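Keep in mind that this is a model prediction, so the values were computed, not measured. Reckoned from all heavy atoms, side chains included, excluding hydrogens, waters and symmetry mates. In listed order, ligands and their atoms are each counted from 1.
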Amino acid sequence: MRFADRYKTIQPSGLLKIFQAAEKMDEVLNLGIGEPDFDTEHDIIDAAAAAGKKGFTHYPPTRGYPDVREAVCNYWKRHHALDCTPDEVILTVGCLHGLYLAMRAMINPGDEIILIEPYFAPYVSMGEACGAELVRIETKEENGFTPTVSDLENAITPRTRILVMNSPCNPTGHVYSREKMEEIAAIAEKHDIFVVSDEIYESMVYSGKHVSFAALPGMKDRTLTMGGMSKSHCMTGWRVGYAIGPVELIKVMDFIGTCLTYGLNTLAQKASAYALNNHDDKMILRKNLFEERMNYAAERLNKMKNVTCANAEGAFYLFPNIKNTNLTSEDFVWKLLEGSQVATIPGTAFGKSGAGHIRIACTRSMEVLAKAMDRMESFCSSL
Ligand code: PLP
């Protein structure tokens, strides 16, 4: 069969190979999975069913029901001091779909998108699918995997169109400080760059508060804030995301989305509005549980031979440094999986700067995490 040129040579990703190998093992403890282990709360499911029974079973407005977009605005105002109106919001099929619509809306072939390593890998395939040139900024652990001013200045060219930010970050778990964000904001303003700020982990910040990039002075008009229900409300399977940004951009994203999905599942929309309006307390309880797990795992990792791990800052990821084992990230991950049945992800899956690190998702119970840490400790001692 004939495929489009860009898809002629696709290979299964390294990640897929790890997950497939892990699936075949009986006793595997999987710390690779980037989704909360909690099911969606039942009253959220009831809200979806109630909406169905009220007749919300027809095509929705393509941008999303106004009350749901309003719930998004209220949530961001309440939690992150971001002022927006429903006109500035579009609901998408997960944050991923929103990211794609945004790139499609803004990128001409040859335009440049700046990615900060280590990054969430789908940014690459989406950017490439839109014909963008990807400019990767390599970063260092000692700088919290954030770019310096000169790193950013050097990456900018007349073709730069978008800078993608992601705080709290997948895979490092790092949370950008307000000062660092202000530094980046000044550069965005100086060079007239648009920022796509992926804030899907906004509800999981363990020290201080999440700073929303668009809420920084002067940034709202040049920022698209991406969020969603997957992580904050344990609703990965419902596929609800949203983007908040300038009305003219939202309109173009809506135009593109209309021919792809014609809006978002009606029941998932209504359940999301209910969750956004009623679940702050439960969300905070879960955040505390994740923090407890992250602190526990970081402490255990720091006691392992040849492993160091930065403190938990945000999201549910730790990104320990395993360079002193003299194994590459890939070798470490495969040996740990095959020898000790613990699944993790090599740092290099997120760009070159992830070399010498592995990603651990604290998305398992304390009991599972403790067992996995025991196995990993023995594994590191045996190297
Ligand atoms: N952005 C980041 C940084 C993520 O880690 C993920 C999921 O892991 C997503 C976006 C996708 O989120 P969604 O489930 O809303 O599509």
Check residues 142-153 and write down every donor-acceptor pair under 3.5 Å in which the side-chain atom is one partner and the other belongs to a residue at least two apart or another chain.
| from | atom 1 | to | atom 2 | distance (Å) |
| --- | --- | --- | --- | --- |
| T146 | OG1 | N143 | O | 2.7 |
| T148 | OG1 | S150 | OG | 3.4 |
| T148 | OG1 | D151 | N | 3.0 |
| T148 | OG1 | D151 | OD1 | 3.4 |
| T148 | OG1 | D151 | OD2 | 3.0 |
| D151 | OD2 | T148 | N | 2.9 |
| E153 | OE1 | H191 | NE2 | 2.8 |
| E153 | OE2 | K190 | NZ | 3.1 |

Pairs involving residues 81-95, ordered by first then second residue, that meet salt bridge (Lys or Arg N to Asp or Glu O under 4.0 Å) (sequence neighbours left out):
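Counting only pairs at least two positions apart or across chains, the salt bridge (Lys or Arg N to Asp or Glu O under 4.0 Å) contacts touching residues 81-95 are K77-D83, E88-K220.
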- Task: Please tell me if the side chains of Y242 and T225 come closer than 4.5 Å, counting only heavy atoms from C-beta onward.
- Result: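 Of all side-chain heavy-atom pairs linking T225 with Y242, none is under 4.5 Å.
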Would T325 and N306 satisfy side-chain hydrogen bond (donor to acceptor under 3.5 Å, both in side chains), going step by step from the backbone distance to the final call?
CA-CA 6 Å; T325 63; N306 292 325; over 6 Å; no
Are F56 and H58 an aromatic pair, judged by ring center distance below 6.0 Å?
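Between F56 and H58, which both carry aromatic rings, the centre distance is not below 6.0 Å.
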Pair up each side-chain donor or acceptor in residues 105-114 with any protein partner under 3.5 Å, not counting sequence neighbours, and list the distances.
| from | atom 1 | to | atom 2 | distance (Å) |
| --- | --- | --- | --- | --- |
| D111 | OD1 | R159 | NH2 | 2.9 |
| D111 | OD2 | N108 | N | 2.8 |
| E112 | OE1 | T157 | OG1 | 2.6 |

For ligand 1, would you mind listing the residues that have at least one heavy atom less than 4.0 Å away, ordered by chain and number?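 Ligand 1 pocket, heavy atoms under 4.0 Å: G94, C95, L96, F120, Y123, N166, N170, D198, I200, Y201, S230, K231, R239.
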